[in-house]
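This is a predicted model, so every value here is computed, not measured. Only heavy atoms go into these numbers, but all of them, side chains included; no hydrogens, no water, no symmetry mates.
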Amino acid sequence: MKNINFLAFAMPAFFLFLFLEYKLAQRRKRPEIFNYESSVSNISIGIAERLINLFIAASFYQLYYLIYDNYRLFDIPSNALIWFALILATDFVWYWYHRLGHEVNFFWAAHIVHHHSEEFNFTAAARITTFQAIIRTGFWCVLPFVGFHPSMVITMLIVHGAYSFFTHTQLIGKIKWLEYVFVTPSVHGVHHASDEKYLDKNYGDMFTFWDRLFGTFQTEEEKPKYGLTHPLKSYSFLWQHFHYYFEIYELWKRSSGFKARWKAIFGSPAHMDQDIRPILEKRFLQDKSNPHQRLRFRNYLYIQLGICTLILTVFTYYFDYLQAYNKIFVLSLVILTLINCGALLEQRKWIYYIEYTRILMITTYFLYEEDLLVFFFVPIAIMIFIEQLFSLSKIYQNTILQLESVE
């Protein structure tokens, strides 16, 4: 039992709660809570973060132990009072990590992905990138440095993360008396809003008193409009992850002098030139031409996300037993599939070549497993022959990329 990786059950649990939320939204006749494209995008990013974190989570834990064993300031015991102090300390560190994530360009580049979604439900909670996980780990190193044992810190981070998941929903209304102490879905929904009065508010993850203490608390008044003040015009998996880094680089190139270039990286996102993103969207073909159409053949996307979820669950469960080449294969295959899902939402015709790449990866992997890599050229020859014989690219595009109006 000690070798079982219980994180393997995180994704099934996520989909269970997502299903319950979806059914409850239907029962309450609130279909606007869910948006097809946005939900697919949110889930894709969540799968990628869980997958990549498998490779680096151990490094996070080792770092906590390294700091604790060699540099801790105090020997803090483990008792009920200390656990209470730890949960307060964890949320306090989160508050400042989160606040700086909104006030510093370099940190905002990692955190902005969490705010892309124009819907606010459990899928939005999945929008965490590995970049964001790395940065916040740096902040949480403060806890073992002070003297909290790493095993306590890791346990508390799991509890902290689980709590924040349930604050991403619109199905729970205002609970005013609870908001004096705890972050509720209403309080956190304000944080995800793009309305001017709600901007840069409610950074706490579990408790509201940090925001009240530092003047960043805002109660929900008018119904929030979720998302960015300048919404992203793409569901591309890669573009959502990297667009703000491109924006920082573009601003850095435009700046002259050390001070201006320093501000481009570590200045406030509020001072980012707003003409940069539209220019980059056109340059990288991320400006959607027709937002009122969507894929008709959406089941293909659901199948791919379902397979990715299944692979991630099994992969997590057996991660410690797999060899390096198995891990690299699964990582590459899932990331390529998630890129494909984003490209499908964008109706990119080049996704057909991703399909060939995936087939080639899978066949190469099994040939290697059976010590038949010498026959590597055979699947390539078969794919070329079938393509020439049946013109599969046209059939694929005409079938998979059928569109329908959303009006």
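A search for ring pair (Phe, Tyr, Trp, His ring centres under 6.0 Å) contacts involving F148 returns nothing, not counting sequence neighbours. For P77, the side chain to side chain contact (heavy atoms under 4.5 Å, CB included) partners at least two apart in sequence or on another chain are N79, I82. When the side chain to side chain contact (heavy atoms under 4.5 Å, CB included) test is applied to Y245, the partners found at least two apart in sequence or on another chain are A109, A110, F131, F242. In this structure, the ring pair (Phe, Tyr, Trp, His ring centres under 6.0 Å) partners of Y352, at least two apart in sequence or on a different chain, are Y356, Y396. Shown here are the side chain to side chain contact (heavy atoms under 4.5 Å, CB included) partners of Q274, two or more places apart in sequence or in another chain: H230, M272. Residues meeting the ring pair (Phe, Tyr, Trp, His ring centres under 6.0 Å) test with F17, sequence neighbours left out: F166. In terms of the ring pair (Phe, Tyr, Trp, His ring centres under 6.0 Å) criterion, residue partners of H160 (sequence neighbours excluded) are, by chain and number, W94.
Formation of a donor-acceptor pair under 3.5 Å by the R261 side chain with backbone atoms of S255 is found in this model. Under the 3.5 Å distance criterion, the side-chain polar atoms of E21 are matched with a main-chain donor or acceptor of F122.
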With a cut-off of 3.5 Å and sequence neighbours excluded, list every side-chain donor-acceptor pair involving residues 49-63.
{"residue": "E49", "atom": "OE2", "partner": "N53", "partner atom": "ND2", "Å": "2.4"}

Check residues 328-339 and write down every donor-acceptor pair under 3.5 Å in which the side-chain atom is one partner and the other belongs to a residue at least two apart or another chain.
{"residue": "S332", "atom": "OG", "partner": "I328", "partner atom": "O", "Å": "2.8"}
{"residue": "T337", "atom": "OG1", "partner": "L333", "partner atom": "O", "Å": "2.8"}
{"residue": "T337", "atom": "OG1", "partner": "R358", "partner atom": "NH1", "Å": "3.0"}

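D320 and K327 are not joined by a salt bridge, as no carboxylate oxygen comes within less than 4.0 angstrom of a charged side-chain nitrogen. Ion pairing of R30 with E32 is present here, as a side-chain N (NZ or NE/NH1/NH2) and a carboxylate O approach within less than 4.0 Å.
Aromatic rings from H241 and F237 are positioned such that their centres are separated by under 6.0 Å.
A donor atom on one side chain and an acceptor atom on the other are not found under 3.5 Å apart for T90 and W140. In this structure, a donor-acceptor pair under 3.5 Å is absent between the side chains of T169 and N121. Defined by atom type and a distance below 3.5 Å, a donor-acceptor pair is present between the side-chain atoms of E179 and T184. At a cut-off of 3.5 Å, with distance as the only test, a side-chain donor of S41 or Q240 sits close to an acceptor on the other residue.
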Verdict with reasoning, Y36 to Y302, per ring-ring contact (aromatic ring centres under 6.0 Å, His included): CA-CA 10 Å; Y36 165 72; Y302 296 143; 5.7 Å; yes
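Exactly one residue among H114, Q218, H98 makes a side chain to side chain donor-acceptor pair (under 3.5 Å) with H191. That residue is H98.
A salt bridge (charged side-chain N to carboxylate O under 4.0 Å, His left out) check over residues 84-112, counting only residues at least two apart or in different chains, returns the pairs R99-E103. For residues 110-128, no pair satisfies salt bridge (charged side-chain N to carboxylate O under 4.0 Å, His left out), with sequence neighbours left out. Every pair passing salt bridge (charged side-chain N to carboxylate O under 4.0 Å, His left out) that includes a residue from residues 212-221 is listed here, sequence neighbours excluded: K197-E221.
Aromatic ring pairs are classed by plane angle as parallel below 30°, tilted from 30° to 60° and perpendicular above 60°; the pair W239 and H243 is tilted.
Within the model, atoms OG of S39 and OH of Y22 stand 9.0 Å from one another, a figure rounded to the nearest 0.5 Å.
In this structure, K201 forms no cation-pi arrangement with F217, as its terminal cationic atom is not both closer than 6.0 Å to the ring centre and no more than 45° off the ring axis.
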